Amino acid sequence: LKEKHKILHQLLQNSTS
Amino acid sequence: DIQLGPNNVSMGELDRIAQNIIKSHLETCQYTTEELQQLAWQTHSYEEVKMFQGKPRDVLWQQCAIQITHAIQYVVEFAKRISGFMELCQNDQILLLKSGCLEVVLVRMCRAFNPLNNTVLFEGKYGGMQMFKALGCDDLVSAVFDFAKSLCALQLTEEEIALFSAAVLISTDRPWLMEPRKVQKLQEKIYFALQHIMQKNHMDEDALAKLISRIPTLSALCTLHTEELQAFQQLHPETVNVLFPPLYKELFN
């Protein structure tokens with residue numbers, strides 16, 4: 001699922017702005 | 001903390017959950033309530049509406065896909081700030097957002113909807129359904145407007161919109177969850193907090209039931225959106241593949 005949703009996964013990993 | 005609410009969750013804990021979700025919501029809304037109030041009667045002129053209607057179908061689709069993607073990025077930020085969400089496994093975080101982000105966008109849309117003249121905020125001003133004529137999916141647009149109007153009729157407070165958004169997002173109804181019990185525990189607490197706030201705010205005892213009864217409509221709207229996207233993509237594959245935002249394609253394509 002992570003592989004298919006790289007952008008969403010990246011957004012979740014980014015620290016909260 | 002001594003008084004216990006439903007399921008032995010302390011009232012103090014329910015209050016903490018509610019405050020965290022309300023704060024997360026307010027910090028991640030695209031527009032503040034004050035900004036929306038100031039814009040409420042600024043409507044697109046006849047000429048501006050004509051301009052939207054005269055756009056090629058693929059151009060307006062692209063414009064809407066960009067707006068939706070922008071709104072979704074705020075919803076991801078909302079989810080991240082909800083206590084307990086980032087403690088779920090990564091698979092479930094992705095699943096919940098993939099299946100629930102558009103539903104939350106639609107719930108949030110009722111904040112930017114004026115039920116007195118059936119207009120919605122789009123590209124800086126309010127406009128009616130006719131603004132989206134060129135999309136070629138009148139059924140979807142009309143269903144979205146009906147939904148926004150029905151949600152506005154419940155006269156929800158900002159706190160209730162926040163908790164309802166969280167309840168829609170953190171849902172055990174989504175297939176393929178790896179830790180459904182963990183999601184369920186979090187969802188139950190959110191519902192208790194929502195119930196507590198609605199009992200306090202509304203004279204109508206059925207207000208919560210009425211709100212919950214809108215959830216199947218939300219799900220139907222998202223299905224309709226997927227179908228319309230597929231139909232559009234068959235006619236304009238290049239537009240979707242090249243011009244649509246990558247996040248939108250990742251979530252819906």
Side-chain angles (χ1 to χ4, degrees), chain A, chain B residues 20-21 23-30 65-66 68-105 169-170 174-180 183 244-253:
Chain A
L1 202 64
K2 251 191 286 183
E3 282 304 303
K4 281 188 173 177
H5 298 87
K6 283 186 178 148
I7 304 168
L8 183 55
H9 182 239
Q10 189 58 52
L11 287 173
L12 284 163
Q13 293 303 302
N14 290 348
S15 60
T16 300
S17 47
Chain B
N20 159 255
I21 291 173
K23 185 170 180 281
S24 306
H25 167 79
L26 293 174
E27 285 171 351
T28 60
C29 275
Q30 281 172 273
I66 291 169
I68 290 171
T69 308
H70 195 212
I72 285 171
Q73 286 171 307
Y74 284 88
V75 173
V76 175
E77 204 53 44
F78 168 61
K80 284 164 70 177
R81 292 174 194 220
I82 296 174
S83 294
F85 184 85
M86 294 308 278
E87 277 70 66
L88 299 172
C89 64
Q90 284 186 343
N91 177 83
D92 291 357
Q93 292 171 20
I94 292 171
L95 258 178
L96 292 176
L97 276 165
K98 184 181 172 70
S99 45
C101 64
L102 187 59
E103 295 188 10
V104 176
V105 168
L169 186 67
I170 297 163
R174 314 303 185 192
W176 314 114
L177 287 170
M178 285 176 78
E179 299 174 332
V183 176
F244 274 28
L247 178 60
Y248 182 92
K249 283 189 285 182
E250 189 178 280
L251 291 166
F252 305 119
N253 202 3

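Side-chain atoms are counted along with the backbone in the values below, which use heavy atoms only and exclude waters and symmetry mates. Just so it is clear: chains get the letters A, B, ... in the order the sequence lines come, proteins before strands, and each one is counted from 1. Small disclaimer: the values here were computed from a predicted structure and weren't measured.
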Nearest 0.5 Å, please: how far is [atom2] in [Y] from [atom1] in [X]?
| X | Y | atom1 | atom2 | value |
| --- | --- | --- | --- | --- |
| B/K80 | A/Q13 | NZ | CD | 8.5 Å |
| B/M86 | A/L12 | CE | CG | 5.0 Å |
| B/L97 | A/L11 | CG | CG | 9.0 Å |

Bottom line for B/I72: the part with an atom under 4.5 Å from chain A's heavy atoms is neither

Those residues at least two apart in sequence (or on a different chain) that pass side chain to side chain contact (heavy atoms under 4.5 Å, CB included) with B/E250 are A/H5, A/K6, A/I7, A/L8, B/L247

Residues passing the ring-ring contact (aromatic ring centres under 6.0 Å, His included) test with B/F85, sequence neighbours excluded, are none

